[in-house]
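Proteins get letters first, then strands, A, B, ... in listed order; numbering begins at 1 in each.
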Amino acid sequence: MIKIKNINKKFRDIEVLKSINIEVKEGEIHGIVGANGSGKTTLLNILFGHPNILKTGGYSGEIFINNLKSKISRPNDAIRLGIGMIHQEFAIIPEMTVAENIKIYRENTFKLTDKIFGKNLSYIDKSQNYIDTKSILKTFNIDLDPSLKVFNLSLNMKQFIEIAREIDRKDLKILLLDEPTAILNKEDTVSLISILKKLSKKGISIIYVSHKLDEVIALCERITVMRDGEIIKTYERQEFDSDNISENMMGYKVNKVINAQNREFKNILLKFNDFSVDIPGETVKNFNLDVYKGEIIGISGSYGRGNTALSWGIMGLHKTKGEIILNNKKLSNRNVSNILLNGIYMVPEDRRGAGLLLNHSVMENIIFTSLQMKNNFLMPYPFKLFSFINKQKSLDYSKKIIDQLNIKCSSALQKVNELSGGNQQKVCLARAITFDPEILFISEPTRGIDLGAKELILDMLISINKKKTTIIISSSEIDELKRICDRIIEV
Amino acid sequence: MKKKFLGLIVFLLFFSFTNANAESFKIGVVTPPLSASEDEFRGGQKVSKKYPDMIKHITLPANFSEEQETAISQILSLGSEKDMKAIIICAGYSGILPAIQKIKEKRPDILVITAPIWDDPDMMAKYIDLCFDTDWLKRGETIPTKAHKMGAKTFIHYSFPTHMAKELLSKRRDMMKKTSEALGMKFVDISTPDPQAGSGRGPMLQFLQEDIPREISKYGKDTSIFGTNCPMQDVIIAKALELGFIVPEQCCPTPTQGFPAAMGLEIKPEDAGDFNKINKMIENKAKIAKVSGRLSTWPVPVGVFFPEFSVEVAKGIIDGKIDKKDIHQISETAKKIAGVEVYFNKMKPNLDNYYLIIMDSIYY
Amino acid sequence: MQDRIDIPQIIIIIFVLIMMITAWFANISITYFINDSLIRLVMNGVLVLSLIPMLNAGVGINYGLPIGVVAGLMGMCLAVNFNIKEGLGFILSFLFSIPIAVIFGYIYSMILNRVKGKEEITATFVGFSFIYLTSLFWSIAPFNNPSMLWPIGGEGMRPTIGLKPYFEKILNNLWVIEIQKIKIPLGMLFFYFGLCIFIKFFFKTKIGIASIAVGENETFAKLSGIDIPKIRTLAIILSTVIAALGICVYSQSYGFIELYDAPLMVAFSAASAILMGGGKEGKTKVTHAVIGTYLFQTIYILSAPIANELLLPEVAEIFRNIITNGVILYAILYKNQKNSSSI
């Protein structure tokens, strides 16, 4: 069905894909796994004709679809060839309804106006669209009113809408999925997998890119492992072995971190009383929790269901109701700087958007909060506000912590933007460690990070905890929570 | 008590009656407001101070082009006053003629003098009793001639593309060139950055600051510099004080343009508008800077001169002392007001009521 | 990466080089050119520097530059009004204008902090309307030094006030040394580079670092406990104060205080200059401002004499406008491209 021959791709001088050869048969579900930065997404982007590929100089090599050599340079080419793609970031229009999003560019129209104005200017048959949408959503076992606007929906629902849009296409031959389950919870993942299996029975070829090995193993007939832009090995179904595959992905053996069990805690450090937070798209209502000094609490629940809202709420960045009691005292001044000075620190889930100064050096990112809030790393001048950084001290400290956390960077002065996702997350954590908080809120610490780095980060959290910090982790990765948390709470 | 009161009323009535008899007419003066043009406005104020009972001074809307209707109705309202005998319009706008036409239809007896307005000259001559304006084009001849008399060997003309796109200004430049060459002076045409091209006048003025010393070192002190744009004059005169070249006239010939800023003239509020004193001050400053005889201009700004002059002419005509066809009588009046000789030239040979003026200069 | 020279800088440098070569052939004196370019660098450079604090704190290009300029004009008018001459007058102009600029900047920041995301267009209109508001002020201002009043009416300020008896070129003529006809205004350069160093160091202080962080990523800064409105206010006030000093430097060099609508367009040439130098929101360096000012002013210094020499005044005008406006356009395009490209 689809044959990729000798694909090479360079960004500036960096080779991101090196002679990739993959063949996917009709009706086959082909998994592609690999650590972050292994080139999976770039490969999919080439197949779907992402404009950035052309902008950055195109690719070399050949793509055959149904044994026909095909040139894909724009998404339109891909669509014409029957290729559909479900993106990691959503490609849906929030201001439009569910039906409009799913039927976009394939709307049912009235025959009469088709004749008069032509297809492009024809009048849209809204009720037929509504019925179509309803039935396609049924196949996912979703009962949803298709006339709702998309921005009202939860994230996993949005993901389904994106999937539904591609599946609705009558001419779909090849479906590309890029980390489709990153934000889905377990049940939704199961239903997605069953839908994909049905599709493959209809003869649609599926390329499924993910770094979640268990899903890929459950779903796919063959798995190709990529690392550093190269294909390491392609496994047939009977050869599947998760340890081998993960070692192939990482290039080394990964040991899973486990925290000590059955610890006991006595002192309540932080109390939430009827705490409600209202963030657009995410709400927590009447939340009650006692946090004991020294424990690690996991807050599970799929992304978008309120697990991250708690940490944003406590930092005072959104409207809240109810009270927070810290060390038996009501925390009433909810100014971010006051919260920080009370020893509460938050690492947000959106690293690039909220957790890092991308254009600044690793060092500057590490010391920033401590410098601003605690006047650490300053020269000993009387006017702290206009004092300079003690560069030597900051540099020495940064070097130390870079070694300690094994952050891969050319120097402490390298820009954070140039680091990989895992290393960026480590920089975020390094800043937290530098700030040395009493209580650490951390959201989705391992999202978008490959296996090896994941374990390092989890391990780091455990070691911070051992020193003194109470940690509250929100994550959709329930098995990770199980391994390191003393308690897990569902929201 | 009653009688006394009655007597007072009779007295008042009698007094006002006789007063009306003595100056039984009014003259309306129309100028732009202060914010649009200081000279004309102050000129209007000056003459209304001179004849407080006779003059009715009104100002046009500041943004004339947008509120033309208002302007016309203002002028018409003057014409509807019974004892109004003359209307003087010193506005420098085009589009006022219709108002004059209407006034003339209703009250052909009202004398209308414009100094100036800018409508079609033939039409103006037909409806307006007397039209005056400055002879802008003729200055293309008088300025280089004056410069030559002051000892200039080179004549520099600073301007920029948007000015040179205006017919009058480019014609005047050509005339200056012709005159200079006829007198044996070298004519140098220099283009500055255009102040209307987005960055404002800053680059133009800065260029002048830098270019004038260059040109003077090239052509020597006996060079006359003329700039076509008002803000230029500050820089040109300031540089003249420093370098001693010749400034025959500014773009708008008046002691109040360029000189006050360039010389830092300290004009006290009570002296403001007193051109004798201002001219004395300039003369002194020129002496101190050792540039006596190198600077010249017209002693009174035309904007200030015109309202007073026109009122005097109108008054003379109404009183029967001046014949409006007699240009000698008119120029005598002008000389009295300006303090120097004022030359009148016909706008067109066939028009006998449209004159362009050139004033004699004052040399500092 | 970030310090590499971008396409517009290359184009402009090529353009300037071509002009220099032409000037050489057209026999335009190189000494004049060097003298003028140094003076112009400082004269306009301070105003350009004033854009940096706001740009780096993410408030955008300060198209409301006239606000600071008016504060400076008021400071100078006060000094002139009290008849204080020479260096003392100049220093007092600074001292008078700083508190005015602080007050103006504070009010200005209240406006800009309300319109987050639309600061540049708001600033443009605030600047414009402020000019007309102050025009009214100038015409009724109770100043009484006769050398500043209207010569005919005797009240209200003249549009241009000569500084010759006061502090004209006081900074230009400070410590001038002459090397082979090239006059180097050391005092002026010291002042300028001193200010450059001040701004550079400001961004190395704790609060300067915080303001750059606000410019780069507001959420990040917020999560680190930084009071964002406070930082923005500070940056706006700082920009306004430097702009006020900038106009003082400009006026003493020009020799006149220009009132009324003279500062109307001042923001645009300053913006062109800083964008030419490669300044970008959140990461503008002092060097960007210096290089930008130098290139921008050099184009002006060279283009007019060359155009006169070659008898092509209109063409020079057109070229200069295409290039200076094109650079702004490029900067805006580049800004949007930066936001959308990710792979």
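Judged by distance alone, with hydrogens and angles left aside, the side-chain atoms of C:K222 form no donor-acceptor pair with the main-chain N or O of A:V336 at under 3.5 Å. The main-chain N or O of A:L356 is found under 3.5 Å from a side-chain atom of C:N217 such that the two form a donor-acceptor pair. Side chain of A:Q372 to backbone of C:K206: a donor-acceptor contact under 3.5 angstrom is found.
Contact annotation for A:L340: only side-chain heavy atoms (C-beta onward) come within less than 4.5 Å of a heavy atom of chain C. With a threshold of 4.5 angstrom between heavy atoms, A:F368 approaches chain C through side-chain atoms but not through N, CA, C or O. If you measure heavy-atom distances from A:I389 to chain C, the contacts under 4.5 Å come from both the backbone and the side chain.
Expressed to the nearest 0.5 Å, how far CG of C:D227 lies from CG of A:N335 amounts to 7.0 Å. A:R431 contributes atom CZ, which lies 3.5 Å from atom CZ of C:F220 (distance to the nearest 0.5 angstrom). The distance from the OG atom of A:S337 to the CD1 atom of C:I226 is 10.0 Å, given to the nearest 0.5 Å. Note that OG of C:S224 and CE of A:M315 are 8.5 Å apart. Values are rounded to the nearest 0.5 Å. Residue C:I209 holds its CD1 atom at 10.5 Å from CG of A:L357, rounded to the nearest 0.5 Å.
Heavy-atom pairs under 4.5 Å with chain C peak, among A:K391, A:H360, A:M346, at A:H360. The most heavy-atom pairs under 4.5 Å with chain C, out of A:I339, A:L341, A:L371, A:N338, come from A:L371.
Surrounding NZ of C:K118 are at most 12 heavy atoms belonging to other residues, nucleotides or ligands under 6.0 Å away. No more than 12 heavy atoms of other residues, nucleotides or ligands lie within 6.0 Å of NZ in A:K10, so this atom counts as exposed by the packing criterion.
Within residues 188-205 of chain C, the residues that have a heavy atom under 4.5 Å from a heavy atom of chain A are C:F201, C:F202, C:K204, C:T205, listed by number.
Nearest heavy atoms, C:L223 versus A:P348: CD1-CG, 3.7 Å.
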